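It should be emphasised that the depicted structure is a prediction, and the values quoted were computed from it without experimental measurement. First the proteins, then the strands, lettered A, B, ... as listed; each starts at 1.
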Amino acid sequence: MSEAAPTAPQDETPHRYTARSANEIELRWQDRWAREDTFRQPNPGEPGFDAARPKRYVLDMFPYPSGAGLHVGHPEGYTATDIFSRYWRMRGCNVLHPMGWDAFGLPAEQYAVQTGVHPSVTTRKAIDTFRRQLSRFGFSYDWSREFGTIDPGYYRWTQWIWLQAYHAWFDPDLGKARPIAELAERMARKDAAIPTGAGTRKWSQCPEVERKRWLDGKRLAYIGEQTVNWCPKLGTVLANEEVIDGRSERGGHPVLRLPLRQWMFRITAFADRLIEDLRLVDWPASTRTMQEEWIGRSEGAEIRFELLREPDAPARPRWTVTLARIEEALSGGDAEFLEMVAAKAREQGGSAVEVTLGGRRVGSREIGMLLTLSGRVRPNGGRVHVVDADEDVREMLAIAKVDSLLLDGGVRDELAVFTTRPDTLFGATYMVVAPEHPLVERLLANPAAATDVTALRAYVELARNRSDVDRQADAKVKTGVFTGMYARNPATGEAIPVWTADYVLMGYGTGAIMAVPAHDQRDFEFATLFGLRIRQVVEVPGEPWTGERATAGEGTALRSANADLSLDGLPTAEAKRRMVEWLASRGLGRRTVNYRLRDWLFSRQRYWGEPFPVVFDRDGNHWPVADRNLPVTLPELADFAPIESDVPVPPLGKARAWVETTAGEAGVSAALLPPETPVRRETNTMPNWAGSCWYYLRFCDPRNGESFIGSDAERYWLGEAGVDLYIGGAEHATLHLLYARFWHKMLFDLGLVSSPEPFRKLFHQGMILSYAYQRDDGTLAAADAVETRPDGSVVEVATGKPVTQVVAKMSKTLKNVVNPDEIIADYGADTFRLYEMYMGPLEAAKPWNTRDIVGPFRFLQRLWRLAIDERSGAILLAARSDPAIEKLLHRTIHKVGEAVERLSFNTAIAAMIELVNAATRPTGMTDPTQGGLNRDQLGRLLKILSPFAPHVAEEIWHRLGNVTALAHEAWPPHDPALLVDDEIEIPVQVAGKLKARIKVPAKADAAEIERRAVADPAVAAALAGKPVRKAIVVPGRMVNLVI
RNA sequence: GCCGGUGUGGCGGAACUGGCAGACGCGACGGAUUCAAAAUCCGUUGUCCCUGAUAAGGACGUGCAGGUUCGAUUCCUGUCACCGGCACCA
């Protein structure tokens, strides 16, 4: 530090801690840390790595570098992780504390479109700005590990991981992801049959392309046709998680629904584990709950209703059994059941077994073969009605070598529904299908007698063109039309009408419901509006049936009996069980679990994202790019704007020369396709979540060119439980945090990572808000449009009307955005860090108040003055150690360490302020020969302060003559004996009211304390001679005398 | 509507398992320094009452109304307000 300039002789305190000197100190230390690689953390196997130390992986949610630069919200979480990292480093840990950039994505592209500058240019510039701004805070990141998701060396592995999913399937038997080669091998071994365009074929007899198509449908990354969220304004489709209240998460534009073939991730296969494994992690309860609710597991039953084209169609007779049930019996050796099937078949008396599959009648021979497969059952008559036609059955029939069946899977004469209340089946008086349900499409092509095609078509058109926003806005009023179709209620045998209405969603369950108006409010409203029958079948305690609204609670079944089933009098739980059993025994239903979670739509019609490493041949089959040919680099494109259209059109299609290529050029293995085969590249790109799904893995080994992560680094840093502390905003609860867990589980199943969960401890920092001013009408006025009157009231300048101060999000329009650069210029980064950590609990939302910053700034000035004479710059040290100060120092060391471990930084700082206040002599700094702390004490104080205010701590530390970096000093020990006093002051209450404080030895027992309490004059006065009826004495705590 | 969270001085907040409510900081007020101001430093500061004032004393006080307890900011019931999430999920 320079001596006082001769031009300013009037300054008597040239060595004061000021904004200017803080900035000078901070830049100097940042420069030195960078030069000396102070925070570089070697990996296992590298020189300088100490395997004896425990590890801590402390991670921030890496930022999305926007053109606007850093916001005061960013450094909040970053300072917290930095304190935590510096603390554990001092406690002797190897600390992985990295930083990088989440740089692909919509906002960068929108900004580029606005400015006309290519996103790679604007994004690089934004990254440089962010890096410069972040560096100014003195965070102890290991910058040698920095990368951006847009680096080809990184997204190469993003594409590679996607290919791992592409090359995997979910094995339901193991409940985990496995390489799809295992499935192919299994099919070949069993020579199982699969459905093909020309009927069911044995694996060995299938053309290769048919096998491939079948396998393609099993992949974890697959192309699926789904009703997707289409946002015309953004020009792209969005995942469910990115749609909030029918609007896009980014920009708030309306979203429509559109059936589309897109790349999907089979996240639903992991639904149960994504819920279950939340037990393994230490996460905020609110976030766990949000994930659980988002996944939305719900137990119930699937029930199949026979569809009728006219209400008085003859009832399907007979007795039914599913092939799945037969298979179960066969494999389980359930001879009793199989005998019963045979007996039923005989009893029904027909001459042949009738098999109906997918609405088509097939011969008896095949089912006979199936039933006799075990050699134990020999049905010789009767009719067995097979209602299942799902994949299980197809595979079953394939196993039974029934390969002559025609399985088109198309026309069905059943309507399946999901319900959580199978016990109310007797009360189902109509059915509803979603307007997008295939049944509606079918009826429009082939109407039933009662179908009003015009009305039906009009309704479906209307529903299709209504955005989710409109649907929700109109949710109060139910709409719908009768389809002309009927269904048979299997419990009552009645034919009930099938309606279509948009209150039933195609995306949940089967897209169809059985309506029980008496016990579901939505059904009740619909039934009332359209005059449909309402039949009460449950008596709900506390909710008497009035006929004015539905009673949705559980209770006792009534009016629920037919010829061979009675639920009457049963409680709901038991009634559910009995009903499902009854349905199952007839092949009409089964217990099932349904999820709200849907498969993850992974395609985006945007330019600024990772290309998919996959191409299409002329027949539309997709082929993967070989690993060794990654990355598939994003082509340079001058016109990268999204294409405005009524349907999604990926802008990458404009890169003609890139899109139209050959298999060899695109890097597809010659073993899959001859190199000269003409192919089209996939033109959709991945969503910005792709890069953030695994960046925490790459930080462990960012320069590995052979693998996405080296296994030594992975095992060391992620270990059994993943990242040790992960801090970021709560807004990612059902986005990034769900997606990353899903990717991690896939990688875990495939043996590529060793922990089942990626983030052991998660913490959300609260949002930093700002003040705004509210007018009487509730609207907000900008911060620069109001003034404070001398009397303290605040008025709007333009109108002179009073406004009230409220807390609101920072926004440009409210003119209350705080720029971190300016705050650092005015106070320094150490003060900024202290202020943000001192504002309140890390997790709480709290208002920024620039006025309060002087508090932490004065604290640092006081600390400075405690150590350094402001006039001479000389070090001030106490000659001796004051025992009271020594004791307080021990307590502070203990308190700060413990507070850091539970992320209670505000109380840690308060403790250090108390210590500094106590050590500062009340007379102020008038005597330069004496300070309040001796060299050793000051050193210890600087150590515990250094995680919070590293620059000023390091500066004073070195001025004391130390040469090593404070950052790697050991955390000072504290003597537990000094944490307790010999004599303590405890309160004495009389009848619960505080009357006195007495001093007692800390070790005094209850009797001793009571004796002293009663002897106290103030207590004696309060007792006024009355006898003490009861004395409650908590040694070391308090005394309460009851009179 | 359902789920979760939060309500403490003028303001941000503290009080870890039921035991001295308001630590620490801001602001305000008074003082020091200064020609003056800013900055800085020192002191006082929950509200009300009593007393001429001080010392001292008293009452009230953790959104509101109850409850449990010797004792409740902390536990329970009800209720209000605000914030966040989900929302026709069958």
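- For A:Arg1037, no side-chain nitrogen or oxygen approaches OP1 or OP2 of B:G18 to under 4.0 Å.
- Distance from the side chain of A:Thr420 is smallest to B:A90 among B:C88, B:C41, B:A90.
- Rounded to a whole Å, the CZ atom of A:Arg891 is 18 Å from the P atom of B:A23.
- Spacing between B:G61 and B:U8 at atom C1', rounded to whole Å, works out to 10 Å.
- Nearest nucleotide to the A:Glu914 side chain, out of B:C24, B:C41, B:C20: B:C24.
- The six-membered or imidazole ring of A:Trp848 lies near that of A:Phe832, with a centre-to-centre distance under 6.0 Å.
- Between the P atoms of B:G7 and B:A14, the separation comes to 9 Å (whole Å).
- In this structure, of B:G25, B:A90, B:A23, it is B:G25 that holds the atom nearest to the side chain of A:Ile913.
- Contact check on A:Glu836 versus A:Lys846 returns no salt bridge, with no Lys/Arg side-chain nitrogen under 4.0 Å from an Asp/Glu carboxylate oxygen.
- B:U44 is paired with B:A28 under the Watson-Crick or G-U wobble criterion, all donor-acceptor distances under 3.5 Å.
- A close approach under 4.0 Å does occur between a side-chain nitrogen or oxygen of A:Asn906 and OP1 or OP2 of B:A14.
- When only modelled atom types and interatomic distance are considered, A:Thr551 and A:His519 share a side-chain donor-acceptor pair under 3.5 Å.
- Protein atom CG of A:Leu505 is 10 Å distant from nucleotide atom P of B:A87, rounded to whole Å.
- Counting only N and O atoms by type, the side chains of A:Thr920 and A:Asn917 include no donor and acceptor under 3.5 Å apart.
- B:U17 and B:U73 are spaced 15 Å apart, taking the C1' atom of each and rounding to whole Å.
- At distances below 3.5 Å, not a single donor-acceptor pair connects side-chain atoms of A:Arg535 with backbone N or O atoms of A:Pro517.
- A gap of 13 Å separates the P atoms of B:U74 and B:A65, to the nearest Å.
- Atom CD1 of A:Ile853 is separated from atom P of B:G12 by 16 Å (rounded to the nearest Å).
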_From CA spacing to verdict: side chain to side chain donor-acceptor pair (under 3.5 Å), A:Thr907, A:Ser904_ = CA-CA 6 Å; A:Thr907 58; A:Ser904 178; 2.6 Å; yes
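- Under the Watson-Crick or G-U wobble criterion, with both distances below 3.5 Å, B:G1 is paired with B:C86.
- Within 4.0 Å of A:Arg997, counting heavy atoms only, lies at least one base atom of the nucleic acid.
- Among the nucleotides B:C26, B:A90, B:G13, the one closest to any side-chain atom of A:Val504 is B:A90.
- The environment of A:Arg902 atom CZ is dense: over 12 non-hydrogen atoms of other residues, nucleotides or ligands sit within 6.0 angstrom.
- Residue-level contact check: A:Arg297 touches neither bases nor backbone, having no heavy atom under 4.0 Å from any strand.
- Rounded to whole Å, the separation between the P atoms of B:G31 and B:A36 comes to 14 Å.
- Between A:Tyr835 and A:Tyr827, the ring center distance fails the sub-6.0 Å criterion.
- When each of B:G85, B:A87, B:C41 is scored by its nearest atom to the side-chain atoms of A:Arg596, the top-ranked nucleotide is B:A87.
- Separating the CG atom of A:Asn240 from the P atom of B:C86 is a distance of 12 Å, rounded to the nearest angstrom.
- B:G9 has its base syn relative to the sugar, with a glycosidic angle deviating from 0 by at most 90°.
- Under the Watson-Crick and G-U wobble criteria, each requiring two contacts below 3.5 Å, nucleotide B:U54 is left unpaired.
- Out of B:A14, B:G19, B:C88, the shortest distance to the side chain of A:Lys478 is found at B:C88.
- Per the geometry, CG belonging to A:Leu738 stands 15 Å off C1' belonging to B:G85, to the nearest Å.
- Proximity note for A:Tyr503 (side chain, C-beta onward) versus B:C88, B:G13, B:C20: the nearest is B:C88.
- Counting non-hydrogen atoms under 4.0 angstrom, A:Thr734 reaches nothing in the nucleic acid.
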*Hey, mind stepping through A:Asp599 and A:Thr268 against side chain to side chain donor-acceptor pair (under 3.5 Å) and telling me if it holds?*
CA-CA 5 Å; A:Asp599 273 348; A:Thr268 49; 2.6 Å; yes
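- Pairing of B:A81, defined by two Watson-Crick or G-U wobble distances under 3.5 Å, is identified with B:U6.
- Comparing B:G25, B:G19, B:U40 against the side chain of A:Tyr838 picks out B:G25 as the nearest.
- Contact annotation for A:Glu985: base contact, defined as any heavy-atom pair under 4.0 Å involving a base atom.
- Comparing the P positions of B:A15 and B:C24 gives a spacing of 13 Å, expressed to the nearest Å.
- Look at CH2 on A:Trp294: it is 11 Å from C1' on B:A87, rounded to the nearest Å.
- For A:Pro841, the listed nucleotide lying nearest its side chain is B:A14; candidates were B:A90, B:G19, B:A14.
- The same atom, C1', is picked in B:C60 and in B:G22; the two are 15 Å apart, to the nearest Å.
- The local environment of NZ in A:Lys895 is sparse, with at most 12 non-hydrogen atoms from other residues, nucleotides or ligands closer than 6.0 Å.
- Residue contacts for A:Arg858: at a heavy-atom cut-off of 4.0 Å it reaches the sugar-phosphate backbone alone, with no base atom in range.
- Using Watson-Crick or G-U wobble geometry with both donor-acceptor distances under 3.5 Å, B:U68 finds no partner in any strand shown.
- If A:Val1039 and A:Gln861 are placed on RNA chain B by their nearest nucleotide, the residue sitting closer to the 5' end is A:Val1039.
- B:A23 atom C1' lies 8 Å from atom NZ of A:Lys895, rounded to whole Å.
- Counting only heavy atoms from C-beta on, A:Asp520 has its side chain closest to B:A90 among B:A21, B:A87, B:A90.
- No hydrogens or angles considered: a donor-acceptor pair under 3.5 Å links the side chains of A:Tyr503 and A:Asp523.
- To the nearest angstrom, P of B:C26 lies 19 Å from NZ of A:Lys846.
- Mapping A:Val1042 and A:Gly855 onto RNA chain B by nearest heavy atom places A:Gly855 closer to the 5' end of the strand.
- Comparing the C1' positions of B:G63 and B:G9 gives a spacing of 15 Å, expressed to the nearest Å.
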Polar atom pairs (N or O), protein with nucleotides 1-11 of chain B, under 3.5 Å:
| from | atom 1 | to | atom 2 | distance (Å) |
| --- | --- | --- | --- | --- |
| B:C3 | O2' | A:Glu293 | OE2 | 3.3 |

